[in-house]
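Basis for what follows: all heavy atoms, side chains included, without hydrogens, waters or symmetry-related copies.
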Amino acid sequence: MCADDRIIAKAQMNQSWYDTHMKMKRKRNAIFIDKQTPIATDDENDADDDTWLMGMSDAPDLRGRLFATQQELCAYHTMLDEMEELKAANKQLECEAAELLKERSSHKQTLKKDAHNAVQSLENEIVGLKIELAQSREKVDSHVARMRPARIKMKYLGEEVKALRERADIQQITNKRIEAPVSC
């Protein structure tokens, strides 16, 4: 049995026609009870009260009152039915709202988890890139350290080559002067 069915069944059990009947009976008893006589619920007293009530009004008046009462009762029951339908609809909406909240919460948790995983993945990628950068800098520093003596040596050899070329040029000039006959 669904929660809505239970609500409707409970509402039908608490129909107000019985409450109205009991109120009318109490009101009728309160009007007709004489202060000296105890409250009697036997059929004879009820019949006397009914007879007395009937004698107070004529038939067309009673018919009019009965018709008005029936219309009010009909309107009351229609209103009651509408109220029960509205209560059931409200319960249904509350159930749907609770379901939507649960779904929203679940979706929010999923999004939160996905965002956390994405952030964690990006952080891991950043850590990996930092490690690669550190290794790359280490290689560059190592390469620079190995190249420094080679550059110094190359510079020294370049200067030596320059000096040797200058000496070779001077030697060639000197050799040309020696080889060239002196004409006088």
Side-chain angles (χ1 to χ4, degrees), residues 1-30 41 65-173:
M1 180 179 251
C2 178
D4 295 337
D5 293 338
R6 278 185 259 141
I7 292 167
I8 291 171
K10 185 176 179 181
Q12 287 173 343
M13 284 177 16
N14 294 328
Q15 291 294 326
S16 61
W17 65 267
Y18 182 74
D19 293 339
T20 305
H21 169 72
M22 291 305 291
K23 282 180 187 176
M24 292 298 289
K25 190 171 182 177
R26 277 189 227 114
K27 188 186 278 185
R28 190 182 61 181
N29 285 341
T41 56
R65 287 183 186 181
L66 182 62
F67 182 71
T69 305
Q70 286 174 341
Q71 284 182 334
E72 288 177 7
L73 187 60
C74 194
Y76 177 76
H77 282 289
T78 303
M79 199 168 51
L80 256 176
D81 291 341
E82 289 174 1
M83 191 171 80
E84 294 303 323
E85 288 173 6
L86 289 174
K87 282 182 181 178
N90 281 344
K91 273 298 182 190
Q92 180 66 30
L93 287 175
E94 287 175 4
C95 290
E96 288 176 12
E99 189 64 34
L100 286 174
L101 284 174
K102 185 189 272 186
E103 193 174 303
R104 178 178 163 231
S105 175
S106 172
H107 183 67
K108 191 175 180 181
Q109 288 295 330
T110 302
L111 289 177
K112 203 177 213 182
K113 185 178 177 183
D114 290 347
H116 178 71
N117 289 343
V119 167
Q120 190 67 36
S121 173
L122 289 174
E123 285 177 351
N124 290 342
E125 189 175 338
I126 288 171
V127 168
L129 290 173
K130 283 182 179 179
I131 290 172
E132 284 181 32
L133 180 63
Q135 290 172 347
S136 177
R137 282 184 183 164
E138 187 179 309
K139 285 180 183 179
V140 167
D141 290 345
S142 172
H143 181 69
V144 166
R146 281 186 284 149
M147 292 302 288
R148 189 174 296 136
R151 266 194 245 144
I152 292 172
K153 192 173 185 180
M154 203 163 105
K155 186 177 180 183
Y156 172 74
L157 288 175
E159 289 174 5
E160 200 174 306
V161 166
K162 187 177 177 185
L164 287 174
R165 280 189 187 148
E166 286 177 7
R167 262 202 261 169
D169 286 343
I170 294 176
Q171 188 68 33
Q172 264 183 348
I173 294 174

Legend entry - Pair Tyr76, Glu72: side-chain N/O donor-acceptor within cut-off below 3.5 Å: no
Inset, instruction - Drop me the distance from Ser121's OG to Ile126's CD1, to the nearest 0.5 angstrom. - result: 10.0 Å
Legend entry - N/O donor-acceptor pair under 3.5 Å between Ser105 side chain and Leu101 backbone: no
Legend entry - Interatomic spacing from CG in Asp169 to CG in Leu164 - rounded to 0.5 Å: 11.0 Å
Inset, instruction - Hey, could you give me the NZ/CG distance between Lys102 and Leu100, rounded to the nearest 0.5 Å? - result: 11.5 Å
Inset, instruction - Evaluate the side-chain proximity of Ser142 to Arg146: yes if any heavy-atom separation is below 4.5 Å, no if none is. - result: yes
Inset, instruction - For the pair Glu94 and Lys91, find out whether any cationic side-chain nitrogen is under 4.0 Å from an anionic carboxylate oxygen. - result: yes
Inset, instruction - For the pair Leu93 and Glu96, evaluate side chain to side chain contact (heavy atoms under 4.5 Å, CB included) and give the outcome as yes or no after the intermediate values. - result: CA-CA 5 Å; Leu93 287 175; Glu96 288 176 12; 3.9 Å; yes
Inset, instruction - Report the distance from atom CG of Asp81 to atom CE of Met79, rounding to the nearest 0.5 Å. - result: 10.5 Å
Legend entry - Side-chain donor or acceptor of Thr78 paired with backbone N/O of Cys74 under 3.5 Å: yes
Inset, instruction - To the nearest 0.5 Å, tell me how far Lys139 NZ sits from Gln135 CD. - result: 6.5 Å
Inset, instruction - With the side chain counted from C-beta on, respond yes when Gln120 and Glu123 share a heavy-atom pair under 4.5 Å apart, and no when they do not. - result: yes
Inset, instruction - Answer yes or no: is there a side-chain heavy-atom contact under 4.5 Å between Val140 and Arg137? - result: no
Legend entry - Gap between atom CG of Leu157 and atom NZ of Lys162 - 0.5 Å precision: 14.5 Å
Legend entry - Exceeds 12 heavy-atom contacts within 6.0 angstrom, atom CD of Glu103: no
Legend entry - Glu138 atom CD: more than 12 heavy-atom contacts under 6.0 Å: no
Legend entry - Derivation and outcome, side chain to side chain contact (heavy atoms under 4.5 Å, CB included), residues Arg167 and Ile170: CA-CA 5 Å; Arg167 262 202 261 169; Ile170 294 176; 5.6 Å; no
